[in-house]
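Below is one structure, written out as structure tokens; comments come after it.
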Amino acid sequence: MSIEDFFDHTCTIYHLTTEKTEIGYGITSGETKAYKVSADIEQQKCHFHVKSDDMRLVQSEPYRAIEGTVKLSLPDGVDIRINDKVVWEDTGLCYRAGLPRRIRGHHITAILYRMDGHKGAI
């Protein structure tokens, strides 16, 4: 069994970008942060570590929402950054990445925080 067998899920990663908002006459209203419409990394092999005590179902209007954290493992060298949007392809759930950590030059881990919306919602 190799490390490649460990990465049994796929995800899509969107980097957070900073854009200046032009309001006219050469005046900018500041910077806005947004995710790109097209993915920066598609079909990335990964592994989502899900523990039942880290996730909870919260009743809110107009529907229930899943909240909590998930640990993500990626192969070494994948370009994941803090606050990137990560979509778990199997479920369509969206997460925001915490600070990525390189583990012994072997792989990368990051804690993911659940975001509202599903795949396609940016």
Side-chain angles (χ1 to χ4, degrees):
M1 187 168 190
S2 70
I3 187 67
E4 300 306 319
D5 296 330
F6 173 69
F7 300 116
D8 56 349
H9 301 127
T10 56
C11 66
T12 301
I13 299 172
Y14 298 83
H15 297 313
L16 188 63
T17 60
T18 302
E19 300 172 353
K20 291 192 177 199
T21 306
E22 185 78 31
I23 59 174
Y25 303 104
I27 301 170
T28 58
S29 64
E31 296 180 342
T32 57
K33 298 197 181 282
Y35 294 104
K36 294 180 181 177
V37 175
S38 59
D40 291 287
I41 303 172
E42 293 182 352
Q43 298 293 311
Q44 175 59 56
K45 290 291 211 177
C46 61
H47 182 77
F48 288 86
H49 305 262
V50 179
K51 293 193 278 185
S52 60
D53 59 341
D54 289 341
M55 300 297 281
R56 62 194 167 281
L57 192 62
V58 176
Q59 181 64 44
S60 60
E61 292 297 327
Y63 54 85
R64 291 175 283 183
I66 299 171
E67 293 182 354
T69 60
V70 172
K71 181 179 171 185
L72 175 69
S73 292
L74 297 159
D76 190 34
V78 173
D79 183 17
I80 186 166
R81 306 168 189 167
I82 191 168
N83 292 325
D84 276 358
K85 176 181 171 182
V86 179
V87 179
W88 186 350
E89 293 301 322
D90 293 348
T91 64
L93 297 176
C94 299
Y95 299 90
R96 180 180 50 82
L99 183 65
R101 294 181 49 221
R102 189 168 183 224
I103 309 298
R104 298 183 193 101
H106 185 265
H107 66 283
I108 298 169
T109 63
I111 300 297
L112 303 179
Y113 302 93
R114 180 74 173 88
M115 294 174 65
D116 287 337
H118 286 80
K119 182 178 178 181
I122 296 181

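Numbering starts at 1 and runs along the sequence shown.
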field: Shared-cluster residues of Y113, by chain and number - hydrophobic side chains joined below 4.5 Å
entry: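 Y113 shares its hydrophobic cluster with I111.
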For A39 against E42, the heavy-atom pair lying closest together: CB-CG, 3.5 Å
query: What are the two closest heavy atoms between G98 and A110, and how far apart are they?
result: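 Heavy-atom minimum between the residues: O-CB, 4.3 Å.
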Can you confirm whether [X] sits close enough to [Y] that some side-chain heavy atom of one is under 4.5 Å from a side-chain heavy atom of the other?
| X | Y | answer |
| --- | --- | --- |
| R114 | L112 | no |
| D84 | R96 | no |
| R81 | D79 | yes |
| V70 | L93 | no |
| H107 | F7 | yes |

query: Hey, quick one: are I82 and V87 part of the same hydrophobic cluster, counting side-chain heavy atoms closer than 4.5 Å, chains of contacts allowed?
result: no
- request: Apply side chain to side chain contact (heavy atoms under 4.5 Å, CB included) to the pair T10 and K45, showing each step before the final yes or no.
  value: CA-CA 5 Å; T10 56; K45 290 291 211 177; 4.2 Å; yes
field: side chain to side chain contact (heavy atoms under 4.5 Å, CB included) evaluation trace for I108 with D76
entry: CA-CA 6 Å; I108 298 169; D76 190 34; 4.2 Å; yes
Separation between [atom1] of [X] and [atom2] of [Y], rounded to the nearest 0.5 Å:
| X | Y | atom1 | atom2 | value |
| --- | --- | --- | --- | --- |
| R102 | T109 | CZ | OG1 | 12.0 Å |
| D40 | Y35 | CG | OH | 11.5 Å |
| I13 | C46 | CD1 | SG | 7.5 Å |

field: side-chain hydrogen bond (donor to acceptor under 3.5 Å, both in side chains) partner of S73, the single match among H106, H49, H47, H9
entry: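 That would be H49.
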- prompt: Parallel, tilted or perpendicular for W88 and F48, by the 30°/60° rule?
  reply: parallel
